[in-house]
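One-based numbering, in listed order, for ligands and for the atoms of each.
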Amino acid sequence: MDLKEKAIASLKKHASGDAFSRLPAALPKASVLIPLLLRHGKLHALLTVRSVNLKHHAGEVCFPGGKSESGDTDETHTALREAEEEIGLPSHTVQVICKLFPVLNKAGLLITPVVAFIESSFTPRPNADEVSEVFTLPLEFFTKEADHSCYPVPSVFGPTHSFMYTDPRTGHIHQIWGLTAALAVTVAALALGKKPEFELGFDLDDPASAFRDVLNRRLSKL
Ligand SMILES: CC(C)(COP(=O)(O)O)[C@@H](O)C(=O)NCCC(=O)NCCSC(=O)CC(=O)O
Ligand SMILES: Nc1ncnc2c1ncn2[C@@H]1O[C@H](COP(=O)(O)O)[C@@H](OP(=O)(O)O)[C@H]1O
Ligand SMILES: [Mg+2]
């Protein structure tokens, strides 16, 4: 099996399917697309920098995504629609792999991560109202200790991870932290089948249990 097939097989083992479809319907929902691509023979992930003019998370690094709208058929539809709106990613060129476990953010938004492969040749067309920059980086970056730090402040699960990534293409230094870092670390560990050099915070063989526990704990406090 090649790198991409291995990643797909490994990610599919952790697909949440519709296991979370019976959660309280009233919870506001959002989706993020975690776009993976092959570049120079390695798995990469695509991230965006949010416009500084946005009301929430201005200037922060995040995956393409956003809130569910009434016309969306499901969480995957939301992720693909948002990615098309934000970075001009044509939905028909995206190979959706799976949905992962949803996470509840601090604002009480239930966020479903949708993992997908996009074409290596994709050229982003950022919508300047929402996205100021798009960049890709090797997925294995999120398994290394070198540019990683950890704060003892609870995030989605375990402590808050933070990474400083210097994009060799632009020289820009990006901080990737909190929710986005937690998702990136998870997908890197699952897709590469590799424990990070730092404490992951959950069992790589059974991440679903850890995510379910965290979600139930958060839901019980609502
Ligand atoms: C997917 C969102 C939650 C909603 O999309 P929208 O704002 O409508 O485009 C998006 O805001 C998002 O991905 N936010 C997180 C960005 C991030 O990871 N920032 C750094 C850490 S903040 C954090 O982790 C706190 C939290 O959200 O619980
Ligand atoms: N055309 C537009 N111009 C400016 N802001 C927009 C916009 N379309 C959406 N937004 C804002 O962009 C943010 C992300 O939207 P989405 O959920 O569609 O990704 C939201 O703001 P907030 O930062 O207040 O959440 C939303 O109000
Ligand atoms: Mg958005």
Side-chain angles (χ1 to χ4, degrees), residues 16 20 23 27-35 45-89 91 94 99-116 118 124-135 137 141-142 147-165 172-188 201-202 210-211 214-215 217-219 221-222:
S16 68
F20 296 94
L23 286 172
L27 275 181
K29 294 193 170 59
S31 296
V32 291
L33 188 74
I34 304 186
L46 179 149
L47 285 160
T48 72
V49 182
R50 295 168 69 85
S51 160
V52 290
N53 299 319
L54 288 178
K55 198 150 40 126
H56 300 106
H57 300 289
E60 292 178 7
V61 171
C62 72
F63 288 107
K67 292 161 204 89
S68 169
E69 289 181 3
S70 55
D72 294 348
T73 49
D74 59 14
E75 295 89 352
T76 302
H77 186 181
T78 305
L80 294 174
R81 177 184 54 70
E82 286 285 345
E84 191 143 15
E85 286 172 13
E86 293 181 355
I87 58 167
L89 178 67
S91 297
V94 178
K99 287 189 284 188
L100 294 178
F101 335 94
V103 291
L104 201 58
N105 77 350
K106 293 197 180 98
L109 202 53
L110 188 71
I111 304 163
T112 300
V114 177
V115 191
I118 63 170
R125 283 183 290 107
N127 168 353
D129 288 332
E130 297 190 50
V131 174
S132 64
E133 196 171 337
V134 178
F135 64 100
L137 74 175
F141 175 80
F142 293 111
D147 298 296
H148 167 262
S149 45
C150 218
Y151 304 99
V153 180
S155 178
V156 183
F157 46 81
T160 299
H161 295 285
S162 172
F163 296 87
M164 298 304 275
Y165 178 68
H172 295 175
I173 299 170
H174 299 290
Q175 184 183 20
I176 305 150
W177 64 285
L179 174 71
T180 302
L183 295 177
V185 165
T186 304
V187 169
F202 61 83
F211 278 75
V214 172
L215 186 61
R217 218 174 313 133
R218 293 275 288 112
L219 286 170
K221 286 184 189 151
L222 287 183

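Within ligand 1, the atoms closer than 4.0 Å to a non-hydrogen atom of Gly178 are 21 (C), 24 (O), numbered from 1 in the order shown. Atom numbering of ligand 1 starts at 1 in the shown order; those under 4.0 Å from a heavy atom of Thr180 are 16 (C), 17 (C), 18 (O). The contact set between ligand 1 and Gly66, taken as ligand atoms under 4.0 Å from a residue heavy atom, comprises 5 (O), 6 (P), 8 (O), 9 (O). Within ligand 1, counting atoms from 1 as listed, the ones closer than 4.0 Å to a heavy atom of Cys62 are 13 (O), 16 (C). Against a heavy-atom cut-off of under 4.0 Å, Ile111 is close to the following atoms of ligand 1: 3 (C).
Residue-to-ligand polar distances keep Glu85 apart from ligand 2: every N/O pair is separated by 3.5 Å or more. Considering backbone and side-chain atoms together, Arg50 places an N or O closer than 3.5 Å to an N or O of ligand 1. Residue Gly65 has at least one N or O atom closer than 3.5 Å to an N or O atom of ligand 2. Checked against a 3.5 angstrom limit, the closest N/O atoms of His56 and ligand 1 fall outside it. Between Val32 and ligand 1, no pair of N/O atoms sits closer than 3.5 Å.
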Solution key, residues 51-65 side-chain donor-acceptor pairs under 3.5 Å, sequence neighbours excluded:
from, atom 1, to, atom 2, distance (Å)
Ser51, OG, Asn53, N, 2.9
His57, ND1, Glu60, OE1, 2.8

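At least one heavy atom of Glu86 sits closer than 4.0 Å to an atom of ligand 2.
For Thr78, the side-chain hydrogen bond (donor to acceptor under 3.5 Å, both in side chains) criterion is met by Asp72, not counting sequence neighbours. The side-chain hydrogen bond (donor to acceptor under 3.5 Å, both in side chains) test applied to Ser149 returns no partner, not counting sequence neighbours.
Only side-chain heavy atoms of Glu130 come within less than 4.0 Å of ligand 2; its backbone N, CA, C and O stay farther off. Counting heavy atoms closer than 4.0 Å to ligand 1, residue Trp177 contributes atoms from both its backbone and its side chain.
Protein atoms that are N, O or S and lie under 2.8 Å from the Mg ion (ligand 3) are these: Gly65 O, Glu86 OE2.
Between Phe141 and Tyr165, the angle of the ring planes goes over 60°, which puts this pair in the perpendicular group of the 30/60° scheme.
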